[in-house]
Structure formats: structure tokens, C-alpha cells
Undergrad: 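Please find one structure pasted underneath; my questions will follow.
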Amino acid sequence: MDWIETIIISIVEGLTEFLPVSSTGHMIIAQNLLGVPQGDPFVHAFTFIIQFGAILSVVCLYWKRFFQFDNTPAPEGSSLLKRLKHKYYFYWLLIVGVLPAVIIGLAAKKSGLLDWLLDSVEVVAVMLVVGGIFMLFCDKLFNKGSDANQVNEKRAFNIGLFQCISVIPGVSRSMATIVGGMTQGLTRKRAAEFSFFLAVPTMAGATLLDLLDLLKEDASWATGHNIAMLVLGCVVAFVVALLAMKWFVSFLTKYGFKAFGIYRIVVGGIIIILLLTGHSLAMVD
């Protein structure tokens, strides 16, 4: 990967990480369009690692809420564990929410399924269309959220289960978790914000695993050039995601998912037509 490819792919990641259009799917499409070799271990790792740069924008934008503590007195007679849970309840919810993804994600990675999916632009195209069709109707199906409903342990775990679906490129982690929150009675805004928060431990874990795997298998990738590509990618994704996230919350609250559904169907449909007619997505061979 060169500098231009890195910047373009990182912009795509920053724009799409928090939109319900699949950031991983769009990065795979961008890599194919740019002619970036698929199947390369560094390219796979790059796809996940720069997502961590994007989700750091959550910590920056929501830092007051992300570093919140409940300083009200715990119920009298509570054990140390219950007192800690009371004080750090926000972080406890994130742990509960991320557990399903840890189990499913590790299983998919060890089986080799994840790497296979990351090389398949066909899977991305099909899931973009399928997800897009679903999004045309999901506002009517699940738009019964109430501001009175808060994220609790049960809702956090169920949202985490929905997040597991996004192991398939093209599904969108954002879409899966926001819809998951809406099925639990949360408003679109509250579901979107919890989706942002849940992205932090999820993508931090994925980034750490990819770095460890790269170093364990073959550290020869850690050239000055590749490390510079990772740093640049994270910085670009962070800045772009910060801007995109603020816009997305406002748009989703007002208009819902329909526009994103139409976009997914159009993009996925074009790719499917190109593939079925024997055309390559690469702009240069």
C-alpha cells in the first residue's frame, strides 16, 4: 500500500465506521477498486487497526460521558463487588455488551472464517443489498423506543448478540447494534450512542489481537513504511470519523434508516452486476 491508497481507504473508514453501511465492506470495496492485493496479512490487519483510530473519536466527542462514574452511595450493606459495579456501572455495561463479540469473534478468527470473509467482495455486495432491504422497513418495525428506557445489563447483552452478526463484512456493526438497541426499546439516538460506546472495547480488542497475530507470525511486516501507513491511517480515520459521527446522530434522529438502505442497495447492486458480467472492480490491473 502506498500513501495515496492509505489516505483514501482511511477516509472511507472514517466516513463509514459509524454509518449503517459497513465500514469493513466499504474498505474491501475501496481496496479492490485501488488494486490493493487481497489476502495479504498486513492488509487484513490494516483494515482492523485503522478502525481503532476511528473509534477513538467516540472517546473524544463523548469524553464527559465516557469517563462518567456514579458517585452516589451504593445500597447499604453492599459487598465490595457490588459497590464497584455501582460506581463503574457504565463500564460494566460495556463489558457485558462486548462478551458475545469476544466469543464469536475469536471463534471466527481461529477457524479462518474471518480472513476468508475479508477477501470476499461477493459477500460484501450481497450483504449490502440484504441489509439495505431490511433497513427500508426497520424504522416501522422497531421505532417504538422511549426516552424512559435506559441501557441495562439485559439490553447491553442482547445488543452485544446483535453485534456478532457484523462479523460478516457488509452487515455493518453500527447497523446491527443500533437495530439491536431499538429492538430493546431504546430510541434511535440512545441506541446509536450506545453503539458508539460499545465500538471502543470491541475495536480495541480486535486491534490488539491483530497486532499480536502479526508480530507472532512474522514481524518482517513492521517496516518503517508499514508502521507509518498505520499511524497515518489511524489519524485520518480519527479526524474524518469525528466529523461524520456528529452529523450521523442528527440525521438518524430526524430521518431514520431509509436513505442508508437505498444507498446500500444501489452500491451492492452495482457491484453484483459488475461481478456477474465478468468485470473486475480494480480500476487498474
Undergrad: Verify whether the ring centers belonging to Phe90 and Phe66 lie closer than 6.0 Å.
TA: yes
Undergrad: Taking a hydrophobic cluster as the set of Ile, Leu, Val, Met, Phe, Trp and Tyr residues connected by side-chain heavy atoms closer than 4.5 Å, whether directly or through intermediates, do Val21 and Val249 fall within one such cluster?
TA: yes
Undergrad: Could you list the residues that satisfy side chain to side chain donor-acceptor pair (under 3.5 Å) with Ser22, not counting sequence neighbours?
TA: none
Undergrad: Considering residues at least two apart in sequence or located in another chain, which fulfil the side chain to side chain donor-acceptor pair (under 3.5 Å) criterion with Gln163?
TA: Arg173, Thr202
Undergrad: Which pair of non-hydrogen atoms, one from Arg264 and one from Met127, has the smallest distance, and what is that distance?
TA: NH2-O, 3.0 Å
Undergrad: Identify the two heavy atoms, one from Cys138 and one from Met182, that lie closest to each other, and give their separation to 0.1 Å.
TA: O-CE, 4.3 Å
Undergrad: Using every non-hydrogen atom in the two residues, find where Ser195 and Ile178 come nearest and quote the distance to one decimal.
TA: CB-CG1, 3.8 Å
Undergrad: Between Ala237 and Ile50, what is the shortest heavy-atom contact and its length?
TA: CB-O, 3.6 Å
Undergrad: Is it true that a side-chain atom of Ser250 and a backbone atom of Trp247 form a donor plus acceptor pair closer than 3.5 Å?
TA: no
Undergrad: Applying side-chain contact (heavy atoms from CB on, under 4.5 Å), can you list everything that pairs with Tyr89, at least two apart in sequence or on another chain?
TA: Lys85, Trp92, Leu93, Asn152, Glu153
Undergrad: Can the ring centres of Tyr263 and Phe257 be said to be less than 6.0 Å apart?
TA: no
Undergrad: Does a donor on one side chain and an acceptor on the other come within less than 3.5 Å for Thr47 and Gln31?
TA: yes
